[in-house]
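These notes are about the structure you will find just below.
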Amino acid sequence: METCGQSVTLTRLETGDTVPLRAFLQPILKRREALPAVPTPLGAVSSQRWLYIGSGRQEISPGDRAACGAERLVVQEARAVGWQDETFYQWAVLRPEKEAAE
């Protein structure tokens, strides 16, 4: 991650602390036949999601916010991935921050 990862600033929901780190962050690609939006009872919502793979040393939780370049994202789902008592990496699915606020 140090060599190939991107610079990400993580803002923890619980404390508001910001943590600069390196992680892999990319859009989740899928075949699109229409606009990246799905209807909901409250209107159309973007279906765009981002995949986050980060160090096992930095916990990430739902509600945390991540900034990378112009992208402002919020953690929707997160898991620590490891074996026995050691966490190898953090995995998360994020969505655009504006969508999360609506």
Side-chain angles (χ1 to χ4, degrees):
M1 280 184 245
E2 288 300 318
T3 329
C4 299
Q6 299 147 284
S7 295
V8 176
T9 301
L10 182 67
T11 303
R12 303 285 300 162
L13 175 66
E14 296 175 355
T15 62
D17 293 341
T18 58
V19 180
L21 50 87
R22 305 236 355 130
F24 296 107
L25 186 64
Q26 69 179 40
I28 296 174
L29 301 176
K30 63 180 181 178
R31 194 172 85 196
R32 293 186 181 156
E33 297 165 356
L35 293 173
V38 294
T40 71
L42 300 175
V45 176
S46 167
S47 61
Q48 185 177 22
R49 298 292 179 254
W50 292 74
L51 175 65
Y52 169 98
I53 304 288
S55 169
R57 294 175 299 219
Q58 178 58 55
E59 184 179 335
I60 186 168
S61 304
D64 290 350
R65 298 198 175 328
C68 181
E71 297 298 332
R72 300 293 177 260
L73 307 163
V74 65
V75 178
Q76 180 177 354
E77 179 182 350
R79 291 192 183 106
V81 178
W83 187 66
Q84 293 183 348
D85 293 335
E86 186 176 351
T87 300
F88 291 122
Y89 64 92
Q90 298 284 334
W91 171 95
V93 173
L94 299 90
R95 62 182 172 198
E97 188 174 64
K98 185 176 180 183
E99 175 187 325
E102 293 175 351

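Just so we're clear, the structure is a prediction, and the values are computed from it rather than from any experiment.
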Give the C-alpha distance, both sets of side-chain angles, the deciding distance and a yes or no for side-chain contact (heavy atoms from CB on, under 4.5 Å) between Tyr89 and Val81.
CA-CA 5 Å; Tyr89 64 92; Val81 178; 3.6 Å; yes
With sequence neighbours left out, write down each residue that passes salt bridge (charged side-chain N to carboxylate O under 4.0 Å, His left out) with Arg72, or none if nothing qualifies.
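Testing Arg72 for salt bridge (charged side-chain N to carboxylate O under 4.0 Å, His left out), a comparison that skips the adjacent residues, returns none.
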Evaluate Arg65 against Leu13 for side-chain contact (heavy atoms from CB on, under 4.5 Å), listing each step before the verdict.
CA-CA 7 Å; Arg65 298 198 175 328; Leu13 175 66; over 6 Å; no
What is the minimum heavy-atom distance between [X] and [Y], and which atoms define it?
X     : Y     : value
Ala80 : Thr87 : CB-CG2, 3.9 Å
Ala92 : Val75 : CB-CG1, 4.1 Å
Gln58 : Gln90 : O-CG, 3.1 Å
Leu94 : Ala66 : CD2-CB, 3.8 Å

Stepwise side-chain contact (heavy atoms from CB on, under 4.5 Å) test for Ile60 and Trp91:
CA-CA 8 Å; Ile60 186 168; Trp91 171 95; over 6 Å; no
If I take atom [atom1] from residue [X] and atom [atom2] from residue [Y], how far apart are they, to the nearest 0.5 angstrom?
X     : Y     : atom1 : atom2 : value
Thr15 : Asp64 : OG1   : CG    : 8.0 Å
Glu86 : Phe88 : CD    : CZ    : 4.5 Å
Glu14 : Glu59 : CD    : CD    : 7.5 Å

Determine, using the 4.5 Å side-chain heavy-atom cutoff (strictly less than), whether Val74 and Tyr52 are members of one ILVMFWY cluster.
no
Applying side chain to side chain donor-acceptor pair (under 3.5 Å) to Glu77 and not counting sequence neighbours gives Arg79
Anything under 3.5 Å between a donor and an acceptor, one on a side chain of residues 18-28, the other on a protein residue two or more places apart or in another chain? List them.
| residue | atom | partner | partner atom | Å |
| --- | --- | --- | --- | --- |
| Arg22 | NE | Glu2 | O | 3.4 |
| Arg22 | NH1 | Ser7 | OG | 3.0 |
| Arg22 | NH2 | Gly5 | O | 2.4 |

